[in-house]
Structure formats: structure tokens, C-alpha cells
Asks: 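Handing you a structure now.
Source: prediction; values computed, not measured. Note on naming: letters A, B, ... go to the chains in the order of the sequence lines (proteins, then strands), and numbering restarts at 1 for each one. Keep in mind that the numbers below use all heavy atoms, side chains included, and drop hydrogens, waters and symmetry copies.
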Protein chains: 2
Amino acid sequence: MKELVSRCPIEEVMQVLSGRWPTLLLYYLKDGTKRFSDLRRDNPTVSHKMLTQELRKLEKAGIVQRTTFEGYPLRVEYDLTPAGLGLVPLIDALGDWWEETEDARLGTGRLIERAVQAST
Amino acid sequence: MKELVSRCPIEEVMQVLSGRWPTLLLYYLKDGTKRFSDLRRDNPTVSHKMLTQELRKLEKAGIVQRTTFEGYPLRVEYDLTPAGLGLVPLIDALGDWWEETEDARLGTGRLIERAVQAST
DNA sequence: AGTAAATTACGCACCTTTTCGTAACCAGGA
DNA sequence: TCCTGGTTACGAAAAGGTGCGTAATTTACT
């Protein structure tokens, strides 16, 4: 999803939040400052390439704050920005919706044969 | 994003909503019933294949209702399920958040050099 | 004292996997 | 034969994983 096909804000947010990692990172970061290596430990299946790439995407979007410290070994800290913090409850709401509607979504509806009508 | 790495509902929703089309389709469908060809017209950049694929994904997730009518020419209608309708305001909220926080996200924060401290 | 190794957060190149568009084909009744 | 909605095969392009290189300092060993 490189380019946008509409100029609506929703497509823009989704461009940033799409994929496996953005929301997961949001969740690890909402508990406070994390270093790069912390995030890798938290989720052992991210490759370092993906992790840097996604963190930079979130940073560019203003959701994540990246702070580097001089000295060695290198140290870089990641936090949510205030805006990023405000995003958390919205993502939570999506998760809640998913759980709450599980029965409705996967319930009887799937099994019922849809009305088959003659087109007039 | 074929497989899930966590069992959290958020990753599950994002698996369904990720990408360019799911939220766009949600938006075209929230105005009421649409046929396959309507949706293609609404968004001329979706390929035939992508459209069916995404619609089926949404159908499987219980967000979209697919109804076929017998008679010719063939007719298939797509609607949001009640659950799908409930999703719309949540996506709206994301879009609003994106717009509202634009200044905060892209504002001065980006330009400020971060604190650079000597590691003790 | 002097050398070697480890440390952290990456960037880069290479290669595999996944995704997506194109295009052709299908069904089945008017 | 045309229409709509859909499937399939193929190939190109994009996404993503692996491993190597690197910085400058500390620690570890001899």
C-alpha cells in the first residue's frame, strides 16, 4: 500500500496502522518507554529490519517519539507521543468491538441460506 | 499478514481491516446496498480480483452480507451486517483522530532536536 | 599493559515469500 | 452472443527475513 487512492483521512490512518506491527507496538509502548532491544524481546518474531522500519513509520506519523542517547553501547528510547497515547483507546475500541460482535459476526448469519429471489 | 503472532483481538481486527480496501468498502457500503459493479465503479482502481477477494474476506469476518439473486443477468448485492454498521463509527473515530492530531503529530515535535545526553 | 571480544541500534545487500494486476476463461439464462 | 459475478494461472512487483558490517566504549583475559 504505497500510494493513496483517495484523500480521505481514513485511508491515511490505515496506511500507518495497517499490518501486524503498528498496533502491537502501540501496545508495548503504552506501558512506557522501551528500548529497541526491549521491543525485540517483547516480540521475538519481529525481524530487526521490520522493527526499525515500523518504528520509523510511526515516528514519521507523529505517533512515536524516538530519543537517542550518545555514548556506548548505543541507546535509543521509544515512547508514544501525546497523540499516540490518544490513539490507544481508539484501537482498544476496535478490539472490544471485535470481541463483542463475535457471535453476531460469526453466528447464525453465516449458516442461513440467503434469500434467493427472482429478479423482477 | 497471513498468520497471527498473538491471540489478541486487536491483531485479529487489524488482520481484517489492514490494507487499502476494507475501510474504503466499508464507506461505500454504509450508504446502503451496493452491487459488485457499483463498487467497481465507485473505485475504479480496484481490480476485479481484489474486489472479490476483499469482499469475501469481509463476508467471512461477518462485516459484509452477500446476497445473490437468481434471474438474469446475475445479480449480487452487498450490505453491511449489523456488526459491520457498528464498526463504521469506530473507523470514523480513527479518521477524526488523524485530522484532529495533525498539528500535534507533525508539529514542532518533529523539528526539535531531541535531548542528547551522555550515558552515565 | 595490551589485545580481544562484547555491546546496541541500526543500514545494506541478497534472496525468498507474498501480494497483486492482467488476462483468459466459466456459468447460464435472455 | 451478451451480461454479471467469479475463478484460475501466470508473472511482475513489493514485502519481508537473514546475515554481515559498523560505531566507540567497556569488560575480560593474558
Asks: Can you sort out the partners of L4(B) under side-chain contact (heavy atoms from CB on, under 4.5 Å), two or more places apart, ordered by chain and number?
Replies: E11(B), E12(B), Q15(B)
Asks: Return the polar atom pairs (N/O with N/O) between nucleotides 2-8 of chain C and the protein under 3.5 Å, or none.
Replies:
from   : atom 1 : to     : atom 2 : distance (Å)
dT8(C) : O3'    : R35(A) : NH2    : 3.1
dT8(C) : O3'    : L74(A) : O      : 2.9

Asks: Can you work out whether L55(B) or M1(A) has the more 5'-proximal nearest nucleotide on DNA chain D?
Replies: L55(B)
Asks: Please check: side-chain N/O of S47(A) versus main-chain N/O of M50(A), any donor-acceptor pairing under 3.5 Å?
Replies: yes
Asks: Name every donor-acceptor pair, under 3.5 Å, that has one atom in a side chain of residues 29-36 of chain B and the other anywhere in the protein, sequence neighbours excluded.
Replies:
from   : atom 1 : to     : atom 2 : distance (Å)
T33(B) : OG1    : D79(B) : OD1    : 2.3
K34(B) : NZ     : D42(B) : OD2    : 3.0
R35(B) : NH2    : L74(B) : O      : 3.3

Asks: Please give, in whole Å, the distance from dC12(C) P to Q53(A) CD?
Replies: 12 Å
Asks: In residues 41-52 of chain A, which ones come under 4.0 Å of DNA chain C, going by heavy atoms?
Replies: H48(A), T52(A)
Asks: Just the rounded figure in Å: distance from P of dC20(C) to CZ of R20(B).
Replies: 9 Å
Asks: From CD of E77(A) over to P of dA9(C), roughly how many Å is that when rounded to an integer?
Replies: 9 Å
Asks: So, using side-chain contact (heavy atoms from CB on, under 4.5 Å) as the criterion, who are the partners of E100(A) when residues are at least two apart?
Replies: D96(A)
Asks: Heavy atoms under 4.0 Å, any strand shown: does R56(A) hit a base, just sugar-phosphate, or nothing?
Replies: sugar-phosphate
Asks: If the condition is side-chain contact (heavy atoms from CB on, under 4.5 Å), which residues does V76(B) pass it with, not counting sequence neighbours?
Replies: R66(B), T68(B), Y78(B)
Asks: Find the distance E59(A):CD to dA9(C):P and express it as a whole number of Å.
Replies: 14 Å
Asks: Can you name the closest pair of heavy atoms from M14(B) and G19(A) and give their distance?
Replies: CB-O, 4.4 Å
Asks: Please list all pairs passing the salt bridge (Lys or Arg N to Asp or Glu O under 4.0 Å) test where one or both residues lie in residues 47-57 of chain B, with sequence neighbours left out.
Replies: E54(B)-K57(B), R56(B)-E59(B)
Asks: Can you list everything that forms a side-chain contact (heavy atoms from CB on, under 4.5 Å) with E99(B)? Sequence neighbours excluded, please.
Replies: P9(A)
Asks: Once you build an axis from the first five pairs and another from the last five of the helix from dA1(C)-dT30(D) to dA30(C)-dT1(D), how far apart in angle are they, to 10 degrees?
Replies: 40°
Asks: Who pairs with T45(B) by side-chain hydrogen bond (donor to acceptor under 3.5 Å, both in side chains), at least two apart in sequence or on another chain?
Replies: N43(B)
Asks: Send over the distance from W21(B) CH2 to dC20(C) P, rounded to a whole Å.
Replies: 10 Å
Asks: Just the endpoints, please: which first and last nucleotides of DNA chain D, 5' to 3', lie under 4.0 Å from a heavy atom of chain A?
Replies: dA15(D) to dT25(D)
Asks: Checking H48(A) now: which residues fulfil side-chain hydrogen bond (donor to acceptor under 3.5 Å, both in side chains) with it, not counting sequence neighbours?
Replies: none
Asks: Ignoring hydrogens and geometry, is there a side-chain-to-backbone donor-acceptor pair from W97(B) to A83(A) under 3.5 Å?
Replies: yes
Asks: Using 0.5 Å steps for rounding, measure from the CG atom of L17(B) to the CD1 atom of I10(B).
Replies: 12.0 Å
Asks: Any sub-3.5 Å donor-acceptor pair from R40(A)'s side-chain atoms to V46(A)'s backbone N or O?
Replies: yes
